[in-house]
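Notes for the one structure printed next.
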Amino acid sequence: VFVDGKEVSVGDSKTVIIEGVVNELRCDGNAEVRGNVTGDIDAGGSVSCGDVGGDVDAGGSVTAKNIRGDIDAGGSVSIKK
């Protein structure tokens, strides 16, 4: 898992949960950001977050308040404004 360009160890967790605002997120599994992402998200699984300032590339579904960039999702996309 990479958060803001730095590798973060999460052990065997299948879902990464982040509290607060991050600039960029890359992970192999699911990601839940309890805040906003100012840049891009690249996740192998599903993504749930607030506002996204960049692009989202997810292998699963995407749930967000607003996405300013492009969305590439392997599952459903839900925008909750």
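Not measured: the values here are computed from a predicted model. Side chains are part of it too, since the values below use all heavy atoms of this structure and drop only hydrogens, waters and symmetry mates.
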ask   = Would you say Thr38 and Val22 make side-chain contact, with heavy atoms under 4.5 Å?
value = no

ask   = Shortest non-hydrogen contact from Ser61 to Ala58?
value = O-CB, 4.5 Å

ask   = Looking only at heavy atoms, what is the nearest atom pair of Ala43 and Gly29, with distance?
value = CB-O, 3.7 Å

query = Can you name the nearest heavy-atom pair linking Val16 to Cys27, along with the distance?
reply = CG2-CB, 4.4 Å

Atom pair CZ/CD of Arg34 and Glu19 - distance to nearest 0.5 Å = 5.0 Å

ask   = Do you know the tightest heavy-atom contact between Gly50 and Ala64?
value = O-CB, 3.4 Å

ask   = What is the distance from atom CD1 of Ile41 to atom CD1 of Ile71, rounded to the nearest 0.5 Å?
value = 10.0 Å

key: Asp28 (side chain) donor-acceptor with Gly44 (main chain) under 3.5 angstrom   = no

Pairwise distance SG(Cys49) to CD1(Ile67) - rounded to 0.5 angstrom = 6.0 Å

inquiry  = Quick check on the hydrophobic clustering: are Val62 and Ile79 connected, directly or via other members, by side-chain heavy-atom contacts under 4.5 Å?
reply    = yes

ask   = Rounded to the nearest 0.5 Å, what separation is found between the NZ atom of Lys80 and the OG atom of Ser48?
value = 7.5 Å

ask   = Can you tell me how far CG of Asp40 sits from CZ of Arg68, rounded to the nearest 0.5 angstrom?
value = 13.0 Å

Nearest heavy-atom neighbours spanning Leu25 and Ala31 = CD2-CB, 3.5 Å

query = Are any side-chain N or O atoms of Asn36 and backbone N or O atoms of Asp51, one a donor and one an acceptor, separated by less than 3.5 Å?
reply = yes

task = Check the pair Thr63, Val47 against side chain to side chain contact (heavy atoms under 4.5 Å, CB included), reporting the backbone distance first and the verdict last.
result = CA-CA 6 Å; Thr63 302; Val47 173; over 6 Å; no

ask   = Within the distance-only criterion (no hydrogens, no angle test), does the side chain of Asn30 pair as donor or acceptor with the backbone N or O of Ser46 below 3.5 angstrom?
value = yes

key: Steps toward side chain to side chain contact (heavy atoms under 4.5 Å, CB included) verdict (Glu24, Val37)   = CA-CA 6 Å; Glu24 178 182 64; Val37 180; 5.9 Å; no

